[in-house]
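Whatever order the structure lists them in is the order used to number ligands and atoms, beginning at 1.
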Amino acid sequence: MLKGKKILLIISGGIAAYKSLELIRLIRQEGATVRCILTKAATQFVTPLSIAALTREKVYCDLFSLTDESEMGHIQLSRDADLLVVCPATANILARMAHGICDDLATTALLATDKPVMTVPAMNVKMWQSPSTSANTKLLRARGVILLGPIDGDMACGEFGPGRMVEPEFILSAICEHFKETALLSGKRALVTSGPTFEAIDPVRYLGNRSSGKQGHAIASEISRLGAETILVTGPTALEAPYGVSVVHVETACEMYQACKAALPADIAVCAAAVADWRPEKINAKKIKKSGDPPAISMIENPDILGFLGNTKLDRPSLVIGFAAETGEVLDKAQKKINKKNCDWLLANDVSLGTNVFGGETNTIHFISKAGAEPWPKMTKKEVAKRLVLRISNHFREVPTNNG
Ligand code: PMT
């Protein structure tokens, strides 16, 4: 199941560290290699010698060991792995990870890595429930770090509650599941647009819309999680860059169009951005003065990015997906859009006043393809992203679906 995979296991200093020995055995049984870094505190609970015997690899303990650095520097150690697993993860190491502190080899490797990171927290109930740990784990999750557990149980300290580490068998299946998922879109390249565009009227004013980027960013994040190289071209939003995604920031529709063209070739294109259809024909060099009648603004049409991606003869992504934001006769209008823009799938959403789709957390989609329209229930935007991206991966695996 894990044949050829390389795991970098970081063992921090908690009583549950002894369970990492069993985890090493299980991972190796599945065909993966395991290299280990022990924090100073971890060496109080397990010995480098027993870890070396189990992994049949050199064990790394000290950031400033010149021998370690000449054999395999901390950067290479973290880059050479397919996955970093921190097990057990103490409150201390989670805090240091959340705040970018790198004062030993373990945290330096974690900061330097460009690979997915899984953590397996284990600590006293009160430490797990403390506001600091909650804030740290929230930050880490938002940055794409995977957290497994903890679960409720008896603690070594005699207390009962959440804080107990999940068992090694559970960690192994999560690792296997991770590799299964990240293989789904591996080798694919995806382009996603998100957010609004701003079209300047003068140095102060612009025409914009209420898109928050939540839907587009969630899609980019999910596509990247399933292993595709993902480029997100986004208009101005207040959102953080999704983990593992290359982000291109733009302001206007014309800039978004150029950035999308530059991102080709791609296998997948998802246009979730709310692109302005028109822009002021001319941007006033100076702030328009309030005098006399309100100014008339003459508008010209913006490039249609989705239309370009769907219709281009050169480098057309093999799966082009658009959205349709409608305020009535949703299905009829969406059907016309899918034909005009020549996209393969279209996600139509009703954005009438009161739906709160623009800017809100949820969305209600009609999924339209050549096979017809399929209503999806109201979901969070993250759930919409998961459902769509699973469908994308099915499409590429040629698993028959009912969407054509
Ligand atoms: O950002 P959120 O707050 O999370 O809100 C999500 C959303 C409502 C913005 C999203 O779900 C959505 O509907 N995005 C498309 C908005 C839109 O511009 O729809 P449209 O029907 O006007 O355009 C149809 C399609 O053409 C869209 O895929 C759009 O990205 C694309 N388009 C439109 C105009 C243009 N010049 N270029 C384009 O690529």
Side-chain angles (χ1 to χ4, degrees), residues 191-199 207-222 232-240 242 250-261 263-264 266 268-279 299-312 316-317 319-369 376 378-385 387-388:
L191 162 67
V192 180
T193 70
S194 184
T197 62
F198 288 177
E199 310 295 335
L207 297 169
N209 63 67
R210 297 176 193 277
S211 168
S212 63
K214 286 176 189 163
Q215 186 62 86
H217 279 54
I219 292 168
S221 167
E222 187 61 12
L232 173 68
V233 180
T234 178
T237 75
L239 302 178
E240 264 194 41
V250 296
E251 191 165 289
T252 66
C254 289
E255 287 168 6
M256 188 173 274
Y257 175 63
Q258 291 305 336
C260 288
K261 279 204 332 190
L264 294 178
I268 307 156
V270 185
C271 293
V275 187
D277 290 312
W278 309 281
R279 67 181 184 276
M299 308 281 274
I300 54 168
E301 204 168 324
N302 269 329
D304 185 336
I305 301 161
L306 177 62
F308 163 76
L309 292 168
N311 287 300
T312 182
R316 183 193 190 275
L319 192 57
V320 176
I321 304 165
F323 272 76
E326 308 296 351
T327 53
E329 297 156 27
V330 174
L331 287 181
D332 280 355
K333 288 183 187 160
Q335 198 59 58
K336 283 185 189 128
K337 265 182 195 161
I338 196 170
N339 295 335
K340 182 173 168 217
K341 302 194 185 216
N342 194 32
C343 42
D344 301 292
W345 300 345
L346 197 76
L347 282 74
N349 38 207
D350 187 338
V351 296
S352 303
L353 270 182
T355 59
N356 202 26
V357 170
F358 267 84
E361 298 299 327
T362 58
N363 206 346
T364 310
I365 297 290
H366 276 89
F367 179 88
I368 302 171
S369 69
W376 289 1
K378 184 174 180 176
M379 287 183 270
T380 65
K381 288 178 177 171
K382 284 193 177 136
E383 286 164 344
V384 168
R387 187 158 175 167
L388 172 67

Counting only heavy atoms, which portion of P196 has something under 4.0 Å from ligand 1: side chain, backbone, both, or neither? neither
Checking N342 side chain against G307 main chain: does a donor-acceptor pair fall under 3.5 Å? no
Counting heavy atoms only, which part of L306 comes closer than 4.0 Å to ligand 1: side chain, backbone, both or neither? both
With a 4.5 Å heavy-atom cut-off, do I305 and V275 have their side chains touching? yes
Which residue and atom name correspond to the protein heavy atom nearest atom 34 (C) of ligand 1, and how close is it? D277 OD1, 3.4 Å
Flag side-chain contact, heavy atom, 4.5 Å: V270 against L191: no
As a quick check of understanding, evaluate salt bridge (Lys or Arg N to Asp or Glu O under 4.0 Å) for K337 and D304, giving each step before the final call. CA-CA 12 Å; K337 265 182 195 161; D304 185 336; over 6 Å; no
Can you sort out which atoms of ligand 1 are near N363, meaning under 4.0 Å from one of its heavy atoms? 11 (O)
State the atoms of ligand 1, each with its element, that fall below the 4.0 Å cut-off from a heavy-atom position in A324. 21 (O)
Short list, please: which atoms of ligand 1 are under 4.0 Å from a heavy atom of N349? 10 (C), 11 (O), 12 (C), 13 (O)
Regarding ligand 1, does V351 bring an N or O atom to under 3.5 Å of one of the ligand's N or O atoms? no
Return the residue, atom name and 0.1 Å-rounded distance of the protein heavy atom closest to atom 25 (C) of ligand 1. F323 O, 3.0 Å
For Q215 and ligand 1, does the shortest N/O to N/O distance drop below 3.5 Å? yes
Checking S352 against D350 for the side chain to side chain donor-acceptor pair (under 3.5 Å) test, could you report, in this order, the C-alpha distance in whole Å, the side-chain angles of both residues, the deciding distance, and whether it holds? CA-CA 6 Å; S352 303; D350 187 338; 2.6 Å; yes
Donor-acceptor under 3.5 Å (T252 side chain, E199 main chain): no
Geometry only, no angles: is A325 polar-contacting ligand 1 at N/O separations under 3.5 Å? yes
As a check for students: among A273, G310, G195, S212, identify the option with a heavy atom nearest to atom 30 (O) of ligand 1. A273
Among all protein heavy atoms, pick out the one at the shortest distance from atom 37 (N) of ligand 1; state its residue, atom name and that distance to 0.1 Å. I305 N, 3.1 Å
With respect to atom 7 (C) of ligand 1, which of A272, A274, G216 exhibits the smallest heavy-atom separation? A272
Could you check which of K337, K341, E361 puts a non-hydrogen atom nearest to atom 33 (C) of ligand 1? K341
Short N or O distance, K214 and ligand 1, threshold 3.5 Å exclusive: yes
Would you check if the side chain of T237 reaches a backbone N or O of G195 as a donor-acceptor pair within less than 3.5 Å? no
Is atom CD1 of I300 surrounded by more than 12 heavy atoms (other residues, nucleotides or ligands) closer than 6.0 Å? yes
Which residue holds the protein heavy atom closest to atom 36 (N) of ligand 1, what is that atom called, and what is the gap in Å? P303 O, 2.9 Å
At a 4.0 Å threshold, what atoms of ligand 1 neighbour a non-hydrogen atom of K381? 2 (P), 3 (O), 4 (O), 5 (O)
R387 side, atom CZ; F367 side, atom CZ - distance, nearest 0.5 Å: 9.5 Å
In terms of residue, atom name and distance, what is the protein heavy atom nearest to atom 1 (O) of ligand 1? S211 OG, 2.6 Å
Has A253 got any heavy atom lying under 4.0 angstrom from an atom of ligand 1? no
State the OH-CG distance between Y257 and N302, to the nearest 0.5 angstrom. 11.5 Å
G359, any N or O under 3.5 Å of ligand 1 N or O: yes
Atoms in ligand 1 flagged as close to D304, the criterion being non-hydrogen separation under 4.0 Å: 35 (C), 36 (N), 37 (N), 38 (C), 39 (O)
Going by distance only, is there an N or O of T193 that falls short of 3.5 Å from an N or O of ligand 1? no
Could you find the nearest protein heavy atom to atom 28 (O) of ligand 1 and give me its residue, atom name and distance? C271 O, 2.7 Å
What atoms of ligand 1 come closer than 4.0 angstrom to any heavy atom of G213? 1 (O), 2 (P), 3 (O)
Hey, does the side chain of K381 reach the backbone of G360 with a donor-acceptor pair shorter than 3.5 angstrom? yes
N363 and Q215: side chain donor to acceptor below 3.5 Å: yes
For G360 and ligand 1, does the shortest N/O to N/O distance drop below 3.5 Å? no
For ligand 1, which atoms, with element, lie under 4.0 Å from some heavy atom of V357? 3 (O), 5 (O), 8 (C)
Could you tell me whether a side-chain N or O of E383 sits under 3.5 Å from a main-chain N or O of T380, the two making a donor and an acceptor? yes
Are any of the N/O atoms on E326, whether in the backbone or the side chain, positioned under 3.5 angstrom from an N/O atom of ligand 1? no
Look at the side chain of K214 and the backbone N and O of G359, then say whether any donor-acceptor pair between them is shorter than 3.5 Å. yes
Donor-acceptor contact present, side-chain D344 to main-chain I321, <3.5 Å: no
Could you tell me whether the side chain of E222 and the main chain of K382 form a donor-acceptor pair under 3.5 Å? no
Show which atoms of ligand 1 fall inside a sub-4.0 Å distance from at least one heavy-atom site of G322. 28 (O)
